[in-house]
Amino acid sequence: MIYKEAYEKGIEILMRIHGEGEEGRREAGMESRLLLESVCGTGLQDLLMAPDRVLLEEEERVFLGHLERRSRREPAAYILGEQDFMGLRFAVSPAVLIPRQDTENLVEEALRELTEGARILDLCTGSGCVLLSLLHYSNECTGIGTDLSAQALEIAEKNTEQLGLAGRASFVCGDLFASLKPERQFDLITANPPYIRTGDIDGLQPEVALCEPRGALDGGEDGLLFYRRIAEAAPGYLNIGGVLLMEIGCDQAQDVTRILSDRNYYNVEVYRDYGGHDRVVKAFKGIHTAE
Ligand code: GLN
């Protein structure tokens with residue numbers, strides 16, 4: 001099979017999951033190309049410049065295997081074992097949530113708040129994508145990521161090595177703050193906690209509902225469980241004037257704002273993502289914030 005034929009075959013197979021329309025073709029084309037490039041070690045220019053390149057038998061076998069897995073709704077990021085986020089490449093496995101573009105808004109708002117040398121705590125760190133991006137794009141900051149899943153933290157450690165951030169990031173396994181000493185030591189706490197209502201998970205697209213870790217999605221009956229727990233405990237770990245920044249679901253701004261205001265956080269603000277949806281909430285710890 002030649003390169004271009006493999007690409008077209010990928011489109012044909014992947015349109016069965018993405019749909020027959022223009023949008024489906026575009027999505028299928030992008031995924032087909034990415035899978036093919038990862039198998040052959042090629043780039044976009046190869047499709048344009050060397051479409052007649054003959055695939056090795058092994059390349060063809062692996063590519064068809066990838067298409068088969070993708071047809072069964074396994075996300076491309078898990079098949080490839082990586083996902084780009086904030087212009088950086090992160091290793092992923094089914095033990096971690098796949099980093100989302102939406103979450104880049106959280107990182108961007110957090111970067112605005114970071115001062116040189118700040119100490120960061122990232123809860124529900126998963127792949128470590130939030131913490132490691134913050135460290136990569138800032139000066140002299142250090143941070144700790146926590147996660148309930150030891151398997152997730154193995155991926156976070158791998159990403160730390162790959163991004164050359166070993167001296168600046170560390171990870172501890174535990175439920176939110178459970179394995180940390182209750183000391184006010186952080187200037188910034190970030191979290192992209194699980195926030196899907198339990199009853200809504202099975203209605204999500206199969207890639208998410210069947211393949212991504214449920215523990216990274218499930219925010220309890222009303223989806224707000226982790227916001228309550230974080231809002232309650234975070235003041236014990238934040239310096240006065242410290243910032244708490246969390247990703248939220250697009251219909252959760254009002255509830256999460258109320259949870260934070262009830263605990264006397266101040267300057268509580270909500271930011272939208274590029275799609276115009278509420279996505280990030282920011283709050284400061286004041287002297288009256290409940291501890
Ligand atoms: N912090 C990781 C991310 O934003 C994981 C989040 C989670 O597991 N809920 O992708």
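All ligand and atom numbering here is 1-based and tracks the order in the structure. Count residues from 1 along the sequence.
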Worked verdict on Glu68 versus Arg72 for salt bridge (Lys or Arg N to Asp or Glu O under 4.0 Å):
CA-CA 7 Å; Glu68 162 72 25; Arg72 284 188 265 110; 3.1 Å; yes
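- For Leu44, the CG atom sits in a packed shell: over 12 heavy atoms of surrounding residues, nucleotides or ligands are nearer than 6.0 Å.
- Remark: Glu221 CD is loosely packed, at most 12 non-hydrogen atoms of other residues, nucleotides or ligands lying under 6.0 Å away.
- Linking Ile, Leu, Val, Met, Phe, Trp and Tyr whenever their side-chain heavy atoms come within less than 4.5 Å leaves Leu210 and Leu97 in two separate clusters.
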Report the C-alpha distance between Glu104 and Arg279 in whole Å, list the side-chain angles of each, state the deciding distance to 0.1 Å, and finish with yes or no for salt bridge (Lys or Arg N to Asp or Glu O under 4.0 Å).
CA-CA 10 Å; Glu104 296 187 345; Arg279 187 58 63 197; over 6 Å; no
Are any protein N/O atoms closer than 3.5 Å to the N/O atoms of ligand 1? If there are, list each pair with names and the distance to one decimal place.
| residue | atom | partner | partner atom | Å |
| --- | --- | --- | --- | --- |
| ligand 1 | 1 (N) | Cys124 | O | 3.0 |
| ligand 1 | 1 (N) | Thr125 | O | 3.3 |
| ligand 1 | 4 (O) | Asn192 | ND2 | 2.8 |
| ligand 1 | 9 (N) | Asn192 | O | 2.9 |
| ligand 1 | 9 (N) | Ala216 | O | 3.1 |

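- Among pairs with a residue in residues 142-165, none fulfils side-chain hydrogen bond (donor to acceptor under 3.5 Å, both in side chains), at least two apart in sequence or across chains.
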